[in-house]
Each structure stands twice: as C-alpha cells, then as structure tokens.
Amino acid sequence: MRRKFISAAVLASVLLSGCSEKSGTSGGTISSSETGSVGSSQSTQSVKTTQSSQSSKSGAPTVIAPNFQGSSWQNAGQNSSSTIPETPDEPSVSETPGETSSNTVPNTPTVPSDMFNKVSVNKGETIMIADQLHVESGTLYSVEGDMIVDDGASLVVDDGGYLSISGKLVISDAGEFVISEGGCLAMTNDNAVIEGGCIRMETDFGRLSCEHGTITSQIIPPERKVVDGVTTVGGVVIANKAIKLPPEYGSHLSLNEVEPQVYEALVEMNNDAVHEYINKSGYRSYYDQVAIFQNYCDMYGYEEADTFSSHAGHSEHQTGLTMDLDSFSESYGATPEGIWLAENCWRYGFIIRYPKGKEDITGYTYEPWHVRWLGKSTAKLVFDSGLTLEEFLNVEGGWTVID
Ligand SMILES: [Zn+2]
C-alpha cells in the first residue's frame, strides 16, 4: 500500500518544489507560511495521494475507473501542468452592468498568470480528498490525474480560486463539489470527466466551463435572483408563463434583432452546417407582444391563442436571446435541417427550448424551430442533462400564466 495521507499544504509544497511524493511526511503538518496559499485551515484538510503506476496499481483506490490506464487516457492532456489553461472561449459579453449583462451568461474570468500559486495532480497520480479541500483565492489547481472526493468529503472552489480539470474527477455519492461565488472550474480537455455525487453551484453557470469534457454529476443550481423584476438563475435569465419580464426589458433592441453574441453564434453555426439557418423572428418588445397576442385572440379566441402565443412579458423573444429559425411547422423537427439543429445546436450555445413531450413543463407546444442561446458551456450542460431549462434551473413553468 503506497497510499499517502498528507495535508494539502504538504501536497502543495511537494508539487510546487517539483519533488516526488516521497518527500511528503505522513500526517505531517507544515505551516501555511511555508507553503503558499493552499488553504488557511490546513488542519481540516486531509488529502490522500496514491501513485497509480502499474507496479502500485493494486494500492490504488478502487473507485478509479477501469480504463484509467487506457490508451485514450494516455493520449489525453494537451495542457501541461506547468502552464495556465487558456480561458474558455465563451462568446464575449459586456462587462458593464445593466440590461445587457443581465441578459447573458458571464464569461469565465481570465486567469492572471502572474499571481497564481499552482498545484498539480499529474497524469498517473490520484489524489483522494477524504475530508475537505478548498481551492482558495489566488490558487490554480490543475488536475491531469484523477481526483476523488470521498464519501462525506467536499471540494470547494472559493472566490478567486481556479480548478482546471483535464483528467477525471470522481465524486462519491455522498461527496459534494461546491463552486463558490467567484470560484471557477474549467474543463480543459475533451477527456475530462466529472462523475458521481453532486455539483452545487453558488455562482453563475459561466464559471463552470465544460464546453470540453463531460459532467454526469447532478448539478444543483444557485438560488434565483430577482433584480428590477428580472429573474435569473446562475446568470441565466428566465421568461416563461410563470415568470415574466418587465416591460422595458430588452428595449435597446429593434424588432427581430438579437444580442450580438446570439448573432455571432448563428453565423458560426451556419459556417459549419450544410444548411443555412435563417432567423425568422428574434427580439419582440413587450408592446409588440401585446399587439400580437390580441391579434391571435381576435383570430382564434383567447383559449386557442393561449396555447401558442405568449402574454406580454412572458415571451422568451423579449430576452433578445431567442430566435425562430426557418419554419413554424412542427414537421420541421423531422426534416434533415431540424434534426441537425436538435442534435448540434448546443455546440454553438443554443438549446431547443420547447421539446416534444415536455409541454407541461415548458408550457409550450413542441417548437423545433425555437432556439434559446445560453452560451456554449451552459447549453452543453443542459443538453447533456436531457432536462428542460425549467428543470435544469429548478424554476416553475407550465401552462398557467402568472401575471
Ligand atoms: Zn419562438
């Protein structure tokens, strides 16, 4: 058994000095002044490491995936542990406060390369968190090997902390991974995997960057915020029949315009797709929607109009983050263009907002043409979850209009 029980402080010291794990002292303690900034409460941090080379494989924790030594793993990890990972390329959004920023998923913050203390779990190494590990402010924790959050243990990324994963993070069912307000997790490699347990978000979804890699853990969204009548969860603005937007929201846009990042995403998608998707309907103001709904009521009666048209303030088109593409026919979903859109739009930051079979949750009939922009990372999280946006954000929906 070569498993070591060392504090995070010792680990930091060992890895930062470039020594092997042999220099770690079992159960040893080193004061934080000697070790940089990996946790100020070192005594509560218990971390086990194990070398998972062939010779010591039997000593590795049993939770390691069977394919840990597989060829795909060996070829993984384009990021060297000695380099800061690039900031994930979410579409750029305004940093200025106000309507525009409340519309959007925020960028993952840039890592200031000169201020970070770096801790690395190298390929072939496994780190076991038995109690609690804080990735504190000013620390980049780079995981190319495996990290296991044991039963009842927690991994917390604090404000200003940055956890980069190109390897595998396994959270046991009773373990928890918390991304604090201001903390940041970036999955930097398509082979990165987080599985098991739950990830509790206390911050905007833009701080959980998983355009690469896969997350199968349950994701618990942060508390909703309501600011000036606008409801957001983790930076994602929500409008449905139960949750409305205030009348002036989005009024900087013109009819059928969309926010710049949405337009850029459409252009990118059209560059890749065989088919050119056409925006048939983008932003609609509150007052446009008043007129549209009234018009439908005149044509079909209130009951009928209510099944497919929104009351003012409840249309997602008022966000400026939504487009109706190509067609308004349900059969569009069975065309090659409609199928490609449903399968691939997440790659560009979109989701099919009103899927078939989820009508009672979204409060809308199936609309294979209606896409909502969330940003690439968040759209991938929602797509991979198989949930509607209401379910993913844990907000109310349904058919009943709550004005
Ligand atoms: Zn629509």
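Note that ligands are numbered from 1 as they come in the structure, with each ligand's atoms numbered from 1 the same way.
The side chain to side chain donor-acceptor pair (under 3.5 Å) pairs that include a residue from residues 330-341 are D326-Y332, S329-S331, where partners are two or more places apart or lie in different chains.
Under the rule for a side chain to side chain contact (heavy atoms under 4.5 Å, CB included), the partners of F293 that lie at least two apart in sequence or sit in another chain are C297, Y302, A305, D306, S309, H311.
No other N/O/S atom of D324 lies as close to the Zn ion (ligand 1) as OD1 does. Looking at H370 and the Zn ion (ligand 1) together, the shortest N, O or S contact belongs to ND1.
Among the atoms of E367, none of the N, O or S atoms falls under 2.8 Å from the Zn ion (ligand 1).
Counting heavy atoms of neighbouring residues, nucleotides and ligands inside a 6.0 Å radius, atom OH of Y366 exceeds 12 of them.
Using a 3.5 Å distance cut-off with no hydrogens or angles, the side chains of D151 and S172 do pair a donor with an acceptor.
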